[in-house]
There are 2 protein chains.
Amino acid sequence: MSPDSGNKTTRDCLLEVAERLFAQKGYDAVSVREITNTAKCNLASVNYHFGNKKTLYLNVFRERWMLRAQYIRACFEENLAGCGDTSPASVIQSLAEALIKGPLTDEERLFHFQLMIREMTKPTEAFEIVMEETMKPTFEGLEQLFQPYLHESIDEDRTLLNILSIFSMVLYFNFARLPVSKIIGHAYDQRFKDRLVQHIVDFSLSGLPVKEIAR
Amino acid sequence: MSPDSGNKTTRDCLLEVAERLFAQKGYDAVSVREITNTAKCNLASVNYHFGNKKTLYLNVFRERWMLRAQYIRACFEENLAGCGDTSPASVIQSLAEALIKGPLTDEERLFHFQLMIREMTKPTEAFEIVMEETMKPTFEGLEQLFQPYLHESIDEDRTLLNILSIFSMVLYFNFARLPVSKIIGHAYDQRFKDRLVQHIVDFSLSGLPVKEIAR
DNA sequence: TTGACATTCAAACGTTCGTTTGATATACGT
DNA sequence: ACGTATATCAAACGAACGTTTGAATGTCAA
């Protein structure tokens, strides 16, 4: 018997289903039975293919989450190359587009950032993967890109805070779609995403659009 | 037998312990036994005082989370009154200080935002409390405060996006202390919090501190 | 002192959990 | 055709779960 529909292996099918469920509900709220029932395979297959539930969760990050992170990064670099320059405006635009519109489906993007948020609020072993192999390298790259354009008086710490601020916006608008929709008052559709990217670029470059120089 | 130490009632003690554990681990990762053991009271007391585990969780929001939200709001209004004006700079400064340094202890603040994040990633009935009774009124108030200072061409939606962006920073720097510390490379102490408030104000008003007018 | 009520307690309830087992089915080199 | 390795299966394991029970304790007005 093949798992689920299609020609995927049981192992891959388990990873796929597990990612969705872990992202939606969190590790503890998902049972092995729910995973194997959804994947239409036997209860024991989780332990057969991954040893235990915890290792399955870890492999979701190793084999699926990391892959998506690489897609996003590749998309960012492609976007940036298409800009012709590496000005802060181009960098932020490329980054926001890769993260908000990017190469992933809406569903994948939601899962990706939900898993990320879960690891940040209650870190497990997967946190190291997210942190060391994705965030740190990305942030260091951004730091290098921004550095030549920032005032000389800006030290490394302040640059990092700036990057973290941009990141916090992207993160928030990705995982908190429900509250964002509630506040804004309309759907999280393609038009809104375009607007969001533009907003993130504008805000990151200029902050609030205030009238006077009360800055 | 009184629960825990001190003169608190069993009920209050349960709420206090439950808030801490739910914030740290999430609803499903905390058992009723862990709560009652930590609170040094009987296993059955959760069901006696609250009916069931879910209602206890809900009451953590009703009786504790809402209270803290009110403290923070009061602190914000106090800060703003002390500024003498309601310019965006004063508003953001007052808001950031109330949320980052504020009237709560570091621990309380962490729990507060962890619970908030959990409701945003996987909303339960408590989400309505967070959203309707706290976030929406706050955001509407901020909108009113910012409106007169923003360019006439800025519509309501863009103002809300600006507010959400400021909020996303505050939220992120509050709940993601671990990754922030890892990225920045030093502790989340008082000095850092001062610096954080200053950064949030600066970034919200001006965005990235770029050299030229590449804006 | 008594009776009524509120609270705490140890023990048990039935259910679900993650994991293990041993039998069975399938695939493939020899 | 055979033997071995790989994969799936139904069934069961003990442990932990949320909840219930009924007796024991404390409190206080009458």
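Residues meeting the ring pair (Phe, Tyr, Trp, His ring centres under 6.0 Å) test with B:Tyr71, sequence neighbours left out: none. Applying the side-chain hydrogen bond (donor to acceptor under 3.5 Å, both in side chains) criterion to A:Ser181, with sequence neighbours excluded, gives no partner residue. Under the side-chain hydrogen bond (donor to acceptor under 3.5 Å, both in side chains) criterion, B:Gln24 pairs with no residue at all, not counting sequence neighbours. Under the ring pair (Phe, Tyr, Trp, His ring centres under 6.0 Å) criterion, B:Phe192 pairs with B:His186, B:Tyr188, not counting sequence neighbours. Among residues two or more places apart in sequence or in another chain, the side-chain hydrogen bond (donor to acceptor under 3.5 Å, both in side chains) test is passed with A:Ser165 by B:His199. The ring pair (Phe, Tyr, Trp, His ring centres under 6.0 Å) test applied to A:Phe127 returns no partner, not counting sequence neighbours. The ring pair (Phe, Tyr, Trp, His ring centres under 6.0 Å) check on A:Phe139 picks up A:Phe167, with sequence neighbours excluded. Residues forming a side chain to side chain contact (heavy atoms under 4.5 Å, CB included) with A:Ala96 (at least two apart in sequence, or on another chain): A:Val197, A:Ile200. For B:Tyr57, the side-chain hydrogen bond (donor to acceptor under 3.5 Å, both in side chains) partners two or more places apart in sequence, or in a different chain, are B:Glu119.
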**Study point:** For DNA chain C, the dot-bracket pattern of Watson-Crick and G-U pairs whose distances stay under 3.5 Å, | for other-strand partners
**Key:** |||||||||||||||||||||||||||..|
Under 3.5 Å, N/O pairs linking protein and nucleotides 10-14 of chain C:
residue	atom	partner	partner atom	Å
C:dA10	OP2	B:Asn42	ND2	3.4
C:dA10	N7	B:Asn42	ND2	3.3

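For A:Glu97 and A:Gln93, the side-chain atoms include at least one donor-acceptor pair closer than 3.5 Å.
Nucleic acid contact class of A:Ser31 (heavy atoms, under 4.0 Å, all strands): sugar-phosphate only.
B:Thr10 has no side-chain polar atom (N or O) that falls below the 4.0 Å cut-off from OP1 or OP2 of C:dT7.
Against DNA chain D, the stretch residues 49-59 of chain A makes heavy-atom approaches under 4.0 Å through A:His49.
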